[in-house]
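Residue numbering restarts at 1 for every chain, and letters A, B, ... go by the order of the sequence lines.
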There are 2 protein chains.
Amino acid sequence: MLTSVDADVIRALGDPLRLKIVTLLARETLCTTHLVEETGARQTNLSNHMKVLREAGIVETEPCGRFTYYKLKPEVLAGLSERFAELAASARTASENKRACP
Amino acid sequence: MLTSVDADVIRALGDPLRLKIVTLLARETLCTTHLVEETGARQTNLSNHMKVLREAGIVETEPCGRFTYYKLKPEVLAGLSERFAELAASARTASENKRACP
DNA sequence: TTGTCACATCATCACTCGCTGATACGAGCG
DNA sequence: CGCTCGTATCAGCGAGTGATGATGTGACAA
């Protein structure tokens with residue numbers, strides 16, 4: 001069952017720019033400079049979004065000299081996928097469980 | 001691939017109250033009165049959230065006399081689940097694709 | 001028809017959020 | 001050491017968002 005904790009993760013993914021970042025990171029492990037190039041956003045702006053993704057537990061940081069690489073945590077995405085699949089499966093049978101008008 | 005359109009759906013689900021509503025609707029088809037009882041929210045507030053979910057294409061309305069029943073659209077949730085699953089699968093191999101430092 | 005109920009919409013207010021410029025800080029290079 | 005580069009943090013501003021009370025609308029019952 002979806003708990004309120006997941007709302008933070010979902011909200012973190014509900015921003016177009018962050019969703020694009022996640023999509024990019026799903027293909028490659030990138031550092032901030034790469035993400036700035038790919039998205040066209042300012043460095044400061046991007047750093048803020050990365051902080052949101054980091055605090056939501058969606059990405060991990062990996063320092064490499066002066067650079068900071070970001071990579072996704074697949075288990076978080078997989079967990080979300082599973083929970084949505086459960087909701088969808090449950091929703092398919094929900095039409096029959098119509099509670100009577102009060 | 002995740003498009004920017006999906007950000008709206010994800011954002012709509014990124015609110016704790018709306019997530020609770022969706023969870024409730026995954027089990028039963030309910031009308032506004034039921035949801036008010038279950039969530040404890042005001043009717044006006046709830047109606048606003050239902051509008052968001054409706055415009056995001058997550059729920060459908062079904063008038064029944066004076067009552068309005070809401071039910072989930074399973075295919076939307078299933079689609080989200082699938083996309084997240086793709087991202088997770090792709091992310092598992094992304095660690096190896098580390099782009100060189102610029 | 002009149003009243004009530006279920007629900008939606010509107011206007012408003014407080015608050016949050018995203019974006020930006022300025023700044024701080026650590027790592028490497030000269 | 002001093003400098004530059006990559007990155008994070010901070011303060012501030014404007015836009016978007018959630019909660020609320022008042023109001024509108026359609027459906028049913030008396």
Chemist: For A/G65 and A/V52, take the nucleotide of DNA chain C holding the closest heavy atom to each; which residue's nucleotide lies nearer the 5' end?
Modeler: A/V52
Chemist: Can you tell me the distance, in whole Å, between the NZ atom of A/K51 and the C1' atom of C/dC17?
Modeler: 13 Å
Chemist: Okay, side chain of A/S81, backbone of B/F84: is any donor-acceptor separation there less than 3.5 Å?
Modeler: no
Chemist: Within the 4.0 Å heavy-atom criterion, would you say A/T44 contacts the bases, only the backbone, or no part of the nucleic acid?
Modeler: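 Answer is base: heavy atoms of A/T44 come under 4.0 Å of a base.
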Chemist: Between P on D/dT17 and CG on A/D15, what's the gap in Å once rounded to a whole number?
Modeler: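 Distance check: A/D15 CG to D/dT17 P gives 11 Å.
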Chemist: Considering every strand and a 4.0 Å limit on heavy-atom distances, what is the contact class for B/T68: base, sugar-phosphate, or nothing?
Modeler: sugar-phosphate
Chemist: Is A/L17 linked to A/V52 within one hydrophobic cluster, defined over Ile, Leu, Val, Met, Phe, Trp and Tyr using a side-chain heavy-atom separation of less than 4.5 Å?
Modeler: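 No: no chain of side-chain contacts under 4.5 Å links A/L17 to A/V52.
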Chemist: Report the distance from atom CG of B/L17 to atom P of D/dG18, rounded to the nearest whole Å.
Modeler: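 After rounding, the reported distance stands at 10 Å.
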Chemist: Starting at CG of B/N45 and ending at P of C/dA8, how long is that distance when rounded to a whole Å?
Modeler: 13 Å
Chemist: Do the side-chain N or O atoms of B/R11 get closer than 4.0 angstrom to the phosphate oxygens (OP1, OP2) of D/dG16?
Modeler: no
Chemist: Closer than 4.0 Å, any side-chain N/O of A/Y70 to the OP1 or OP2 of D/dA8?
Modeler: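 Yes, within the criterion.
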Chemist: Is B/R99 paired with A/E38 through a side-chain N to carboxylate O contact shorter than 4.0 Å?
Modeler: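 Answer for the salt bridge query: yes.
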Chemist: Students often get this wrong, so: under 4.0 angstrom with heavy atoms, is A/T32 touching a base, only sugar-phosphate, or nothing?
Modeler: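 Sugar-phosphate, no base atom in range.
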Chemist: Below 3.5 Å, does any donor atom in the side chain of B/Q43 face an acceptor in the base of C/dA6, or the other way round?
Modeler: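 In this structure, the two groups form no donor-acceptor pair.
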Chemist: Which whole-number value in Å describes the distance from A/L53 CG to C/dG18 C1'?
Modeler: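 The distance from CG of A/L53 to C1' of C/dG18 comes to 13 Å, rounded to the nearest Å.
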Chemist: On the nucleotide D/dT17, are OP1 or OP2 found under 4.0 Å from the side-chain N or O atoms that B/H49 carries?
Modeler: no
Chemist: Check this one for me: any side-chain N or O of A/H34 less than 4.0 Å away from OP1 or OP2 of D/dG6?
Modeler: no
Chemist: Any salt bridge linking B/E28 with B/K71? Criterion: basic side-chain nitrogen under 4.0 Å from a carboxylate oxygen.
Modeler: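 B/K71 and B/E28: not salt-bridged.
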Chemist: Using atom CD of A/E55 as one end and atom C1' of C/dG18 as the other, report the distance to the nearest whole Å.
Modeler: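 Interatomic distance, CD of A/E55 to C1' of C/dG18: 15 Å.
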Chemist: Rounded to the Å, how far apart are B/L13 CG and D/dT17 C1'?
Modeler: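 Spelled out: CG on B/L13 to C1' on D/dT17 is 16 Å.
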Chemist: Which residue, B/L13, B/D15, B/I10, forms the side chain to side chain contact (heavy atoms under 4.5 Å, CB included) with A/R11?
Modeler: B/D15
Chemist: For A/C64 and A/N48, take the nucleotide of DNA chain C holding the closest heavy atom to each; which residue's nucleotide lies nearer the 5' end?
Modeler: A/N48
Chemist: Rounding to a whole Å, what distance do you find between A/D8:CG and C/dT16:C1'?
Modeler: 14 Å
Chemist: Under 4.0 Å between any heavy atoms, over every strand shown, what does A/R66 touch: base, sugar-phosphate, or nothing? Just pick one.
Modeler: base
Chemist: Under 4.0 Å from OP1 or OP2 of D/dT7: is there any side-chain N or O of A/T33 that close?
Modeler: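 Checking A/T33 against D/dT7: at least one side-chain N or O falls below 4.0 Å of OP1 or OP2.
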